[in-house]
Structure formats: C-alpha cells, structure tokens
Amino acid sequence: MIGEIDIVRHPVHACVPVRHEVVLSVWAKGTGLQYQWFNYVLKDGKREVCEVPGATQPNLTIKVTKNQNYSCRVNDIYLNCKFTTWAHVTVLDVDKSGLPPRWHGEPHVVVNPKSQTLRPGAKLTLRCTALGAPQPSYQWYRNGFPLRHETRELLQVKQVGAQDAGTYLCAVTSVLGETWSFPADVNVCLPKPSVEETPAALTATDKVALLIGNLNYSHHPGLTAPVMDVYELGLLLQQLGFRVLSLLDLTTDQMKAAVDNFIQLLDSGVYGLFYYAGHGFERAGRNYLVPVDAPQPYHASTCVCVQRIMGKMQERKTALSVVLLDACRKWSKEGSAPSVIQPLRPGNTVYGYGTCEDAEAFEVQDRGKSTGIFTKYLNKYISLPEKVTHVLERVSEDVAKDGLVKGKQAVEIRHTLKEARSLTDPVRPSGHTRELHLRDVCWRQANELPQKKCLKFPCGAEVEVGFSALFSNVLGAFASVRHSEPHMIDCKVSLSSTPVMGDIFSGQDRSQEFDSLLFNQSNDSDSAIWLCGLQTLKESLVIRVDLHYTVLERDSARRCTQTLQLNVGKPLVASCELGHKAEAPRSSSPRDQSPGISRRLNISQQKSHSTRGFEPFSRKAEGLSRVAVGKNKPVEHDEDDIFNFFHLK
C-alpha cells in the first residue's frame with residue numbers, strides 16, 4: 001500500500017475528576033496526515049459514534065463531565081486511513097481538595113480501602129480508586145505480600161476464612177509514578193467455642209520459608225519441574241504470610257550458606273519451612289540433597305544432609321518446623337547394610353517426603369506443563385486451614401491414587417507435632433524484639449529491588465528501566481521507550497549486563513507454562529532480560545541499555561545507536577554473599593539417557609495405553625547403582641553426631 005500510515009502511539013485511558021482538562025494524543029507517521037477525533041455514547045443500549053466538532057489536530061484537549069470514549073481517524077494524501085484504539089476517559093465526582101495544585105496526571109488515591117471485621121464465610125469487599133492520566137494499574141498486598149491476580153480497583157473474597165485476615169494495601173502505579181492506599185485491617189472473628197472446649201489460640205511470631213529448586217545439573221540428568229514448583233509454592237506461602245526466599249540452581253557451598261542464613265531467621269515462636277525440589281538420595285537412614293555441582297559418584301561431603309537442616313531448625317526452638325522434600329531416596333544396596341530410619345527429636349517438627357525409602361520421586365510433563373507429582377498435590381492443599389499433618393495426609397492420599405505413579409511413589413509423613421498447628425495460623429509478633437528487628441533487616445537485604453529509573457539519552461529520547469523479582473536469585477529487568485523526538489523513528493531498546501548472568505530458562509525442554517509466566521512479567525515492555533544466579537555476584541551489577549533508532553534526514557535515513565549504563569549494586573540475594581561462582585552447569589535435557597541409569601518410566605510400556613499424554617521422569621541422582629561398592633559409599637563426615645532421637649507419635 002502506497003504511503004501506508006503507521007500509528008506509533010495511541011491515546012491512553014485516563015481517570016480524572018469532573019471538569020478536569022485532559023489532553024489525548026496520537027502520534028502517526030505518513031504523508032500529508034489529517035486527523036479527526038470521534039467519541040461515542042450509549043443511547044437505548046446502542047453505541048452511537050459522533051465526530052468531535054473542530055477536533056482535527058493530533059492533540060485533543062477536553063474538559064469532561066461524564067465518562068467518554070475517544071478515537072482518532074488518521075488520513076493521508078493517498079486516501080488511506082487508520083483508526084486508533086478507543087481511549088476511555090473515566091470521570092469521578094470526587095473532592096479535588098487533596099490533589100496537588102498543579103496535578104499532571106500522576107496516580108492519586110481518592111477512595112481508600114476500609115478496615116472491617118467479618119465472620120467466617122462472609123463476603124469481603126475492599127475498594128481502592130485512583131485518579132491518573134494515563135489511567136493507573138493496581139496491585140493488592142496482604143501483610144506485605146502481593147496477591148496474585150488481584151490487580152483491579154475492587155478486591156473481593158466470596159467467603160473469608162482465617163487465612164484472609166491481615167493488613168491490606170493497594171499499590172497504584174503508572175509511567176508517571178507510584179502511590180499507595182491507606183492500610184485496611186481485616187479481622188475474621190472465629191466463633192467462640194464453649195468454655196470447656198476453648199483451645200489456646202495458636203499463632204506464630206513470624207513465618208519464614210526457604211525454597212530451593214535445582215534443575216541444571218553438571219553431572220546428573222537435568223530436571224524441568226523445579227522452576228514452576230518453587231515459583232507456585234512460593235506464591236502460596238506468601239499469601240499465608242510467610243517471608244519466602246526462593247532460589248534456583250545452587251552449588252554445594254551456596255546451598256549450605258542459604259541454609260545457614262535461613263536458620264538465622266528462625267527463633268522461638270517462628271514457623272520455619274524448608275522445601276527442596278531436585279535430585280536426592282538416601283544412605284543409612286539419612287537423606288541427602290544434590291547440589292548442581294555435585295560430582296559422580298556422589299559423596300556426603302558434596303551434598304547437603306536433610307537431618308542436619310532439621311536439627312538446626314529445632315535448635316532455634318521454633319514453634320513449628322516443616323521440612324518438605326520432592327526428591328528421590330534411592331540408595332545402593334550392593335554390599336550395604338539396610339537403612340536405619342532415625343526417629344525425630346521432640347518438638348513441633350513435621351517431615352513430609354514426596355516418596356518412601358529406596359524409591360524414586362517423579363515429575364511429569366503434559367502439553368507444556370511440568371510439575372513434581374508430590375508438589376502438584378501439595379500446592380492443591382497447602383492453603384487449607386488444617387493441621388499440617390492433615391494437609392500432608394490429603395497429599396498422600398492423592399499421590400496414592402494417581403495412576404501415573406501408583407505403586408511406585410508413596411508419600412512419607414513423620415512428625416512430633418503436639419499441637420494442631422497450621423500453616424494458615426495468623427502472625428502475632430511478640431513486640432518489637434531484637435530478634436524481630438534483625439529478621440526484618442536480613443529480610444529486606446535479601447529482597448531489595450533496584451529502583452525504577454528513567455534514562456535520558458543525548459538524542460533526547462527517554463527510556464524507563466524497571467525491575468521485578470521472579471525468584472530471590474532471579475532478577476527481571478524491563479525497558480520501555482517513553483519519549484522520542486519527532487525526527488526519530490523505529491526506536492528499539494536492548495538490554496545486557498556486566499558481568500554476564502546466565503539464563504537458566506533457555507533450554508529446549510523448558511515448560512511452556514513458564515514461557516507464559518515470563519511473557520506476562522514483561523508484556524508491557526519493549527525489551528526484557530532475566531538475570532539468573534545472582535548469588536554468584538562478586539561485584540556490582542551493571543545494566544547496559546542500548547537505544548537503536550533511525551534519524552530521518554532530507555533525502556535519507558540513518559540508523560544510530562546510543563548506550564547508557566545503570567549500576568544497580570547487588571540486588572536481592574546477591575547482597576547475602578551465599579558463595580562463590582562455581583563452574584556453570586551444563587543445560588541437561590531430562591530426555592538424555594545415560595547408560596545404565598533407569599531414570600525414565602514410560603507408563604504406556606508397562607500398562608495399557610494411557611490417553612493422558614503424561615510421561616514421568618525420576619528425580620534420582622546419577623551414580624547410585626552402577627558405581628562399584630568401594631566408590632559408592634558416601635564419605636559420612638556427620639555420622640558421629642546422630643541426634644538423641646525419640647520415637648515418633
């Protein structure tokens with residue numbers, strides 16, 4: 001088409017007070033362009049589109065008294081025409097006294113959520129309304145943690161439960177800035193039982209969780225599911241009030257350092273939860289977690305002992321210690337004595353293993369979705385306001401019924417729980433103690449995001465760079481061109497980093513579900529980069545922003561590039577110094593079969609043909625069955641500190 005029209009920027013939605021002056025703009029490219037603005041109103045349930053008299057410029061200035069919708073038609077000398085998208089101008093009849101004297105459209109909250117007390121099962125409705133041009137976006141928080149999918153003015157819960165109690169806030173953002181609503185306290189009054197059966201209210205002074213997922217192994221088969229397993233479980237725990245530290249692909253030293261930092265966050269009255277997804281094995285009643293750099297054959301000295309983690313958690317006198325493991329427990333029987341399972345020491349400890357002794361744990365992939373069988377059902381029930389052991393019993397029952405692993409994987413639950421403690425128990429800090437202060441400091445350090453920045457290039461263009469945390473050691477950086485000069489066209493931006501941080505999500509076997517997650521995180525930006533393995537940073541992280549654009553001259557066009565750098569320091573877990581960078585693990589495919597290792601189970605070969613399309617993979621570490629006895633025995637440096645365990649209840 002000769003002289004095709006290119007609409008570079010469409011008018012944006014706005015929310016303004018009555019009779020406020022709004023400027024709608026369109027930016028288009030073409031030859032001899034002409035403009036005509038339209039609006040529409042609803043009459044008798046039908047939309048009637050009308051020309052706006054005299055509105056024939058790229059910019060339309062209006063003073064609105066009611067909700068209106070505007071679009072602009074752009075014509076050129078070749079009789080081509082294009083329409084912009086409709087821009088909705090919402091008008092609120094609110095008190096404007098709180099607006100700044102010279103308000104330029106930055107987000108401004110005019111309706112704040114209100115505190116309320118409800119009975120279980122009642123409907124909760126919270127509202128936050130803000131002015132803004134462009135119209136701002138919303139994100140609700142409960143107890144400081146973002147609520148997934150709660151991104152509208154109105155937050156509603158059809159039937160509230162104890163888990164919905166807490167302090168709610170709403171963040172309101174646009175390209176012009178960010179503001180927050182006032183806090184709203186929501187109390188859920190549970191029915192009072194009779195005096196004879198009134199139990200003591202069970203609460204936590206704090207809740208802390210460490211989640212580790214290992215998938216890209218140097219010397220063992222690669223896994224897929226730990227990415228989404230850790231991500232989704234982390235979101236659920238945040239909604240339950242946990243401070244969550246989620247980490248992917250850790251070496252031996254990094255895992256031990258992460259555990260040590262996690263232990264320091266625990267204290268009397270705290271609920272501590274440790275979760276691991278990856279390769280594992282068992283030796284003489286002890287369970288070991290396999291870091292991404294663990295060699296073959298495996299050794300206890302290069303892996304992490306679960307019983308040590310559990311013992312350290314109990315030493316902190318936590319009100320509840322929960323250990324959840326989605327890994328294999330295979331061990332070599334050749335020339336070895338049978339395993340002796342040690343009972344737990346006294347204390348409110350719950351131990352949930354995704355499989356039983358000398359058995360494998362499986363992950364399945366189904367049309368782009370990948371998950372560990374154990375974690376699949378754990379995420380289904382973990383938010384229930386029930387005793388932790390009852391939740392795990394539900395998980396165990398579902399795993400036992402799953403046709404893919406029936407007879408091959410069975411959940412093991414062990415505990416010394418003396419009270420009906422639940423992961424949904426409310427947090428009631430016992431004053432501003434020194435321990436609480438130290439925990440807050442450590443937590444902020446491990447979760448600190450770089451501030452959003454607006455970079456101004458010498459050419460006059462402006463690029464906004466923002467950040468988000470997908471995991472505690474995975475930083476997302478996003479860049480968008482917010483302004484460019486009229487003589488500049490085809491502006492594009494690209495990002496890179498110094499030092500270069502690996503992308504652990506680029507393998508061919510990664511989950512389509514995770515692809516969708518990455519897209520949702522970055523779909524409002526022109527360029528995105530995922531910086532993985534932040535625990536390896538030894539120096540400040542520098543983001544390089546390259547702006548590519550074309551300059552229109554009289555008889556030619558010239559392609560140009562300008563570069564600016566942004567020093568973001570040591571974001572997220574990088575500031576915690578978890579260990580030095582090891583050799584980068586190779587990207588292993590779960591489908592790469594190694595000789596002599598049975599880690600793939602094709603259900604259709606052992607049963608009648610399945611129509612579900614699933615194919616489970618084992619989370620068994622390499623080197624368990626084919627290594628000679630003399631080399632297969634782990635170096636048990638920790639056998640001399642067997643705990644003085646008591647029998648289980």
Side-chain angles (χ1 to χ4, degrees), residues 159 161-163 202 209 211 225-226 228-230 232-237 239-240 242 271 273-277 280 282 287 306 310 320-330 341 343-344 348-366 369-425 601 603 606-608 610-620 648-649:
Q159 293 183 325
Q163 70 276 8
L202 296 177
L211 280 56
M228 290 305 297
D229 284 349
V230 169
E232 292 183 341
L233 179 60
L235 289 180
L236 292 171
L237 290 174
Q239 293 176 16
L240 297 181
F242 277 83
Y271 285 12
L273 184 147
F274 175 80
Y275 168 88
Y276 170 81
E282 182 167 316
N287 305 112
V306 174
M310 195 180 305
L320 177 65
S321 294
V322 180
V323 176
L324 302 172
L325 307 173
D326 197 350
C328 288
R329 295 174 65 181
K330 293 294 291 183
I341 299 179
L344 304 175
N348 281 329
T349 299
V350 178
Y351 174 99
Y353 215 126
T355 191
C356 55
E357 183 192 5
D358 197 25
E360 295 173 281
F362 294 93
E363 63 178 35
V364 295
Q365 300 175 51
D366 173 38
K369 294 184 179 181
S370 185
T371 182
I373 290 286
F374 172 68
T375 307
K376 170 185 175 181
Y377 296 112
L378 176 66
N379 289 348
K380 178 180 178 181
Y381 294 115
I382 198 167
S383 298
L384 293 179
E386 298 182 5
K387 188 177 178 180
V388 184
T389 51
H390 293 172
V391 170
L392 291 178
E393 286 168 3
R394 288 176 178 261
V395 176
S396 177
E397 291 170 2
D398 278 13
V399 172
K401 296 175 185 175
D402 195 300
L404 293 170
V405 296
K406 191 173 183 179
K408 302 176 182 67
Q409 180 173 343
V411 175
E412 181 179 310
I413 307 168
R414 299 163 60 200
H415 73 94
T416 56
L417 203 58
K418 296 182 175 64
E419 302 164 305
R421 292 195 177 268
S422 165
L423 296 179
T424 63
D425 290 342
L601 176 64
I603 295 295
Q606 302 186 28
K607 294 186 176 182
S608 60
S610 171
T611 59
R612 295 175 64 183
F614 287 107
E615 196 168 346
F617 295 89
S618 168
R619 288 179 170 178
K620 179 177 67 175
L648 291 175
K649 290 196 169 184

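Starting from 1, each residue takes its place in the sequence as its number. Quick note: numbers below take in every heavy atom, side chains included, and nothing from hydrogens, waters or symmetry partners.
The side-chain heavy atoms of Leu325 and Phe274, taken from C-beta on, include a pair separated by under 4.5 Å. Counting heavy atoms from C-beta on, the side chains of Leu324 and Leu392 come closer than 4.5 Å. Contact annotation: the side chain of Glu357 approaches that of Glu282 to within less than 4.5 Å [non-hydrogen atoms, C-beta and beyond]. Using a 4.5 Å cut-off on side-chain heavy atoms (C-beta onward), Asp402 and Lys376 make contact. Taking the side chain as every heavy atom from C-beta outward, Met228 and Thr371 never approach each other to under 4.5 Å. Side-chain contact between Tyr276 and Val306 is absent, with no heavy atoms from C-beta onward closer than 4.5 Å. By the 4.5 Å heavy-atom criterion applied to side chains, Leu423 and Val391 are not counted as neighbours.
Contacts of Asp229 classified as salt bridge (charged side-chain N to carboxylate O under 4.0 Å, His left out), with partners at least two apart in sequence or in another chain: Arg619. Listed by chain and number, the residues in a side chain to side chain donor-acceptor pair (under 3.5 Å) with Asn379 amount to none (sequence neighbours excluded).
Expressed to the nearest 0.5 Å, how far OG1 of Thr355 lies from CG of Asp326 amounts to 9.0 Å. Between Leu417 atom CG and Leu320 atom CG the span is 6.5 Å, to the nearest 0.5 Å. Atoms OG1 and CD, from Thr375 and Glu232 in turn, are 10.0 Å apart once rounded to the nearest 0.5 Å. Rounding to the nearest 0.5 Å places OH of Tyr275 at 7.0 Å from CG of Leu378. To the nearest 0.5 Å, the span separating CD on Glu360 from NZ on Lys330 amounts to 5.5 Å. Summarising the geometry, atom CZ belonging to Arg414 is positioned 6.0 Å from atom OH belonging to Tyr351; distances are rounded to the nearest 0.5 Å.
Leu237 and Ala209 make their closest contact through CD1-CB, 3.9 Å (heavy atoms, listed as atom of the first residue, atom of the second, distance). Taking all atoms of both residues into account, the shortest heavy-atom contact from Leu384 to Thr424 is O-CG2, 3.6 Å. Closest non-hydrogen pair, Gly234 versus Leu211, comes out as N-CD2, 3.5 Å. Closest approach of Ala359 and Lys408 over heavy atoms only: CB-O, 4.1 Å. Considering every non-hydrogen atom in both Cys328 and Ala361, the closest pair reads SG-N, 3.1 Å. Among all heavy-atom pairs drawn from Tyr377 and Val399, the shortest one is CD1-CG2, 3.6 Å.
Side chain of Asp425 to backbone of Ser422: a donor-acceptor contact under 3.5 angstrom is found. Judged by distance alone, the side chain of Gln409 and the main-chain N or O of Phe362 form a donor-acceptor pair under 3.5 Å.
At least one cation-pi condition fails for Arg421 and Tyr271: the charged atom is not both under 6.0 angstrom from the six-membered ring centre and inside a 45 degree cone around its axis.
Applying the 6.0 Å contact sphere to CD of Gln159 captures no more than 12 heavy atoms from other residues, nucleotides or ligands.
Screening residues 383-393 for salt bridge (charged side-chain N to carboxylate O under 4.0 Å, His left out), with sequence neighbours left out, gives Glu386-Arg394.
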